[in-house]
2 protein chains.
Amino acid sequence: MMMAGLRERKKEQTRRRIAEVALRLFDERGYDAVTVNEIAEAAGVAKVTLFTYFPTKECLVTDGVADDLAAIVAGRGEGRSPLAALREHYRSMATRGVGEADVEALQAKVRVIASTPALMGALHAVRMGERYDLAAALAEGGEDDLTAQLMAAQITAVITTLQEAFFRRVAAGEPLEEVGRRQSRDVELAFDLLEHGLSSREGERS
Amino acid sequence: MMMAGLRERKKEQTRRRIAEVALRLFDERGYDAVTVNEIAEAAGVAKVTLFTYFPTKECLVTDGVADDLAAIVAGRGEGRSPLAALREHYRSMATRGVGEADVEALQAKVRVIASTPALMGALHAVRMGERYDLAAALAEGGEDDLTAQLMAAQITAVITTLQEAFFRRVAAGEPLEEVGRRQSRDVELAFDLLEHGLSSREGERS
DNA sequence: CGTACCGAGTATATTTTTGAACCCGGTATG
DNA sequence: CATACCGGGTTCAAAAATATACTCGGTACG
């Protein structure tokens, strides 16, 4: 039953509370207008504690936005291709959908990031890191370096696009199950394209 | 503004939560049927933590029931009699009244204590301690030992009686302001009796 | 009778959180 | 130009909370 122990439960709880409070304040007053002192106070923790959970102010928003693609690839089952593992992962994500409760937080996060240049930059940096790690994982799997980097670039580009489509739908207020359905379709389309290459669509255009 | 600092605020909060949870569980299921482990778990703390706040299970209920009479006497203003200081204290207590929110907790506490022999005993012990300390404070103020003990005995007996009357009224569901009014009157009557002696009432009886 | 368990309470080591002082870069101000 | 403040971030010691394992008295049970 994952009886996680008091210590770990409290840590998760604290971390969560800090992030939620920060997001709410950022959304209300703007990222730059809120100091970390205020966040700590509002969350009921000391500033030092805040910084043990989130090394920088930016991390309050960007932490957890990265899907660990490298881990998914590295941890795929025997005899499974990296792409198959990733497809499976995003397929199940789409199927599971988002919880009602998370939507509001998600929208707020998108708003805050989009309205804060520093966070846009940080997000970009996160994605670069994601791509770099994915390339390493692919190289580990036997691909040569340049191939690995090209594959990683394609894959992360596609996944980022999927996420953006998702965010737009959520932001537009589409009903959640509708979002889920579309997202499921998009995932298959995206991975088909990755697998079979752009030429596979060429024919349909004529 | 009593900007108490995060540490102290959290301690008070934790102590309060433990006591509240304990009282609720005791009231629901009976003192003996609830283990300290359950209380700790329900309050979200470790058993050890509970015991750093409350040295025994009984203290979960009895802590804070003692008015520190000795301190009131010791801390009275210059040239003021112990009795005057005590009267003033209880007068202002009665005037201030109880908060709406506390009533429920108070009633529960009375229920739990009354229905638990061990707690009745503990309560008695607390009162003995109170009396003992009061006697010491009076002796410190210049009274000889026996006189101090006799005075302390009278005073604590009277105050206990006042409290019991108060509890009965609250338990009976009298409106709070009514309780406050009566209590104010009772306080004056009680201290008049203490000050002027029983004979002061003899005349009225004939 | 023994023994095995349960709940109150204790001892000790480790982790988490706090407090307080500080550094450093930026910006306002005299 | 100097100086003083402010906000992000770090350092280190001290306090609080947790995990774990224990003692001790009582009691159910074979």
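Excluded from the calculations below are hydrogen atoms, water molecules and symmetry mates; all remaining heavy atoms, backbone and side chain alike, are included. Every chain is numbered from 1, with letters handed out A, B, ... down the list of sequences.
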Distance-only donor-acceptor test (3.5 Å): side chain Lys57(A), base dG9(D): no
Among the candidates [options], find the nucleotide nearest to the side-chain atoms of [X].
| X | options | result |
| --- | --- | --- |
| Arg7(A) | dG9(D), dG9(C), dT16(C) | dT16(C) |
| Phe51(B) | dG19(C), dG9(D), dG9(C) | dG9(C) |
| Thr35(A) | dG8(D), dA8(C), dA14(D) | dG8(D) |

Lys109(A) NZ/CZ over Phe167(A) ring centroid, <6.0 Å and within 45° of normal: no
Report which part of the nucleic acid [X] touches: base, sugar-phosphate, or nothing (heavy-atom distance under 4.0 Å, all strands).
| X | answer |
| --- | --- |
| Val48(B) | base |
| Thr56(A) | sugar-phosphate |
| Tyr53(B) | sugar-phosphate |

If I take atom [atom1] in residue [X] and atom [atom2] in nucleotide [N], what distance separates them, rounded to the nearest angstrom?
| X | N | atom1 | atom2 | result |
| --- | --- | --- | --- | --- |
| Asp32(B) | dT27(D) | CG | P | 12 Å |
| Leu6(A) | dA17(D) | CG | P | 11 Å |
| Asn37(B) | dA21(D) | CG | C1' | 14 Å |

Is there a donor in the side chain of Tyr53(B) and an acceptor in the side chain of Asp63(B), or the other way round, less than 3.5 Å apart? no
I'd like to know if the side chain of Gln149(A) pairs up with that of Arg131(A) as donor and acceptor (distance under 3.5 Å, no hydrogens or angles considered).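 There is no such pair between these side chains.
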Can you tell me if the side-chain N/O atoms of [X] get under 4.0 Å from OP1 or OP2 in [N]?
| X | N | result |
| --- | --- | --- |
| Lys11(B) | dA16(D) | yes |
| Thr49(B) | dT18(D) | yes |
| Lys10(A) | dT18(D) | yes |

In sequence, state the C-alpha distance, the side-chain angles, and the governing distance for Glu178(A) and Arg182(A), and then conclude on salt bridge (charged side-chain N to carboxylate O under 4.0 Å, His left out). CA-CA 6 Å; Glu178(A) 177 65 18; Arg182(A) 287 186 191 248; 3.1 Å; yes
